[in-house]
Amino acid sequence: MKYVILCVLVYLLSVYPPSGATANSGNSLNITEARLNEHMLRLYEEIDFGPGKEVSREVFGKAYRGFVNLKNAGRLSSETNILSICDFSRSSTDYRLWIIDLDRKKILYHTYVAHGQKSGEEFATSFSNQLNSHQSSLGFYVTGETYDGKHGLSMRLHGMDNGYNSAALDRGIVVHGAEYVCNNFVNEHNRLGRSWGCPAVDATLSAEIIETIKDSTCLFIYYPDKKYLASSFWLNKKPESLPDYQPFRMQPIAAAVIRQPESEKVYITRDSFQKQQQTLPVSERAVRIQ
């Protein structure tokens with residue numbers, strides 16, 4: 001009888017798994033907070049920000065968590081892994097926009113970005129999702145299509161955080177270039193110029209930035225607003241899986257390979273390289289040279 005009951009329980013668990021359980025397939029895992037944090041920290045350490053140019057680890061961690069959740073939800077492009085971060089806790093005189101290629105662990109752009117006129121002077125302190133507020137909106141965005149507007153090439157944004165930036169399309173919140181986003185304006189006014197709520201960028205860079213991040217990549221506008229941080233769905237949802245790419249530890253092994261004669265070089269596929277690396281301790285793993 002006990003055997004029969006056990007068989008029935010096993011069957012029921014296979015058909016009706018416990019709440020929150022997920023099947024393991026591919027890289028879809030039951031992700032723990034510790035595993036997510038380890039993955040994020042390793043990735044953060046391997047990104048070459050440059051001395052003194054890092055986005056803070058805390059802000060990157062929040063941006064990356066939302067990125068992973070949006071990726072799992074199918075909201076982001078499957079062709080690229082680009083994460084853009086605006087840190088509006090920083091002065092507008094600082095470079096506070098980072099555009100990061102997560103696959104290549106590379107900073108594509110680190111530059112100025114404007115906040116809204118009614119959000120503050122040098123610093124942004126007030127935010128809104130209301131039409132005609134002329135304030136910036138916090139949260140996660142998915143980049144949209146481009147168009148030619150009064151500021152030239154511009155790009156629409158889809159706000160993903162209900163109540164915080166969900167009115168972005170109706171408000172006309174877009175990425176565009178502006179002449180007031182530049183060193184000369186900062187030197188003259190001791191602050192950056194301001195928009196009507198758009199994350200405006202340097203007009204000399206705007207076209208290439210827009211072409212880089214258009215069509216369903218992730219943009220995160222951060223400010224340490226306690227209400228937002230506590231209630232954002234994408235920040236507080238537990239990720240169900242991690243992206244396909246995996247961070248690699250930096251080790252100085254490339255020189256030995258480069259010095260080999262062409263006839264003696266061995267080329268391996270990405271998959272076989274990953275399998276090879278997974279057999280080694282983390283401290284002995286190599287960076288995959290692009």
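Being a predicted model, the structure only gives us computed values, none of them experimental.
By the criterion of side-chain heavy atoms lying less than 4.5 angstrom apart, applied directly or through intervening Ile, Leu, Val, Met, Phe, Trp or Tyr residues, Met155 is grouped together with Leu205 in one hydrophobic cluster.
Remark: Lys71 fails to qualify as a cation-pi partner of Trp234 under the 6.0 Å distance and 45° angle criteria applied to the six-membered ring.
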If you look only at distance, which donor and acceptor atoms sit under 3.5 Å apart when one is on a side chain in residues 214-222 and the other is two or more places apart or in another chain?
| from | atom 1 | to | atom 2 | distance (Å) |
| --- | --- | --- | --- | --- |
| Lys214 | NZ | Glu211 | OE1 | 2.7 |
| Thr217 | OG1 | Thr143 | OG1 | 3.3 |
| Thr217 | OG1 | Ile213 | O | 2.6 |

Which atom pairs, donor and acceptor, lie under 3.5 Å between side-chain atoms of residues 72-79 and protein residues at least two apart or in another chain?
| from | atom 1 | to | atom 2 | distance (Å) |
| --- | --- | --- | --- | --- |
| Asn72 | OD1 | Ser241 | OG | 2.9 |
| Asn72 | ND2 | Val68 | O | 3.4 |
| Asn72 | ND2 | Ser241 | O | 3.0 |
| Ser77 | OG | Glu79 | N | 2.9 |

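Sequence neighbours left out, the pairs with a member in residues 151-167 that pass salt bridge (Lys or Arg N to Asp or Glu O under 4.0 Å) are Glu145-Arg156. Note on residues 177-187: pairs passing side chain to side chain donor-acceptor pair (under 3.5 Å), not counting sequence neighbours, are Tyr112-Asn183. Listed by first and then second residue, the salt bridge (Lys or Arg N to Asp or Glu O under 4.0 Å) pairs that reach into residues 88-98 are Asp87-Arg90, sequence neighbours excluded. Sorted pairs that involve residues 125-140 and meet salt bridge (Lys or Arg N to Asp or Glu O under 4.0 Å), not counting sequence neighbours, are lacking altogether. Residue pairs satisfying the salt bridge (Lys or Arg N to Asp or Glu O under 4.0 Å) criterion with at least one member in residues 112-138, sequence neighbours excluded, are listed as follows: Glu121-Arg191, Glu121-Arg194.
Salt bridge status for Glu46 with Arg104: absent, with no side-chain N to carboxylate O gap under 4.0 Å.
For Asn69 (side chain) and Tyr64 (main-chain N/O), no donor-acceptor pair under 3.5 Å exists by modelled atom type. Side chain of Ser136 to main chain of Gly116: a donor-acceptor pair is present (N/O by atom type, distance under 3.5 Å, no hydrogens or angles). When atom types are taken as modelled, the side chain of Asp225 and the backbone of Tyr228 share a donor-acceptor pair closer than 3.5 angstrom. No side-chain donor-acceptor contact under 3.5 Å links Ser56 to the backbone of Glu54. Panel note: side chain Asn81, backbone Asp103; no donor-acceptor pair is recorded below 3.5 Å. In this structure, the side chain of Ser92 engages the main chain of Leu192 through a donor-acceptor pair within 3.5 Å.
His176 is linked by a ring pair (Phe, Tyr, Trp, His ring centres under 6.0 Å) to His151, counting only residues two or more places apart in sequence or in another chain. Shown here are the ring pair (Phe, Tyr, Trp, His ring centres under 6.0 Å) partners of Tyr109, two or more places apart in sequence or in another chain: there are none. Residues passing the ring pair (Phe, Tyr, Trp, His ring centres under 6.0 Å) test with His110, sequence neighbours excluded: Tyr95, Trp98. Residues passing the side-chain contact (heavy atoms from CB on, under 4.5 Å) test with Ser133 are Ser128, Gln130, Gln135, Arg171, sequence neighbours excluded. Residues forming a side-chain contact (heavy atoms from CB on, under 4.5 Å) with Ser166 (at least two apart in sequence, or on another chain): Asn129, Asn162.
Evaluated for a ring-ring contact (aromatic ring centres under 6.0 Å, His included) with Tyr223, the options Phe127, Phe123, Tyr164, Phe88 yield exactly one hit, Phe127.
Aromatic pair Phe49/Tyr44: centroids less than 6.0 angstrom apart.
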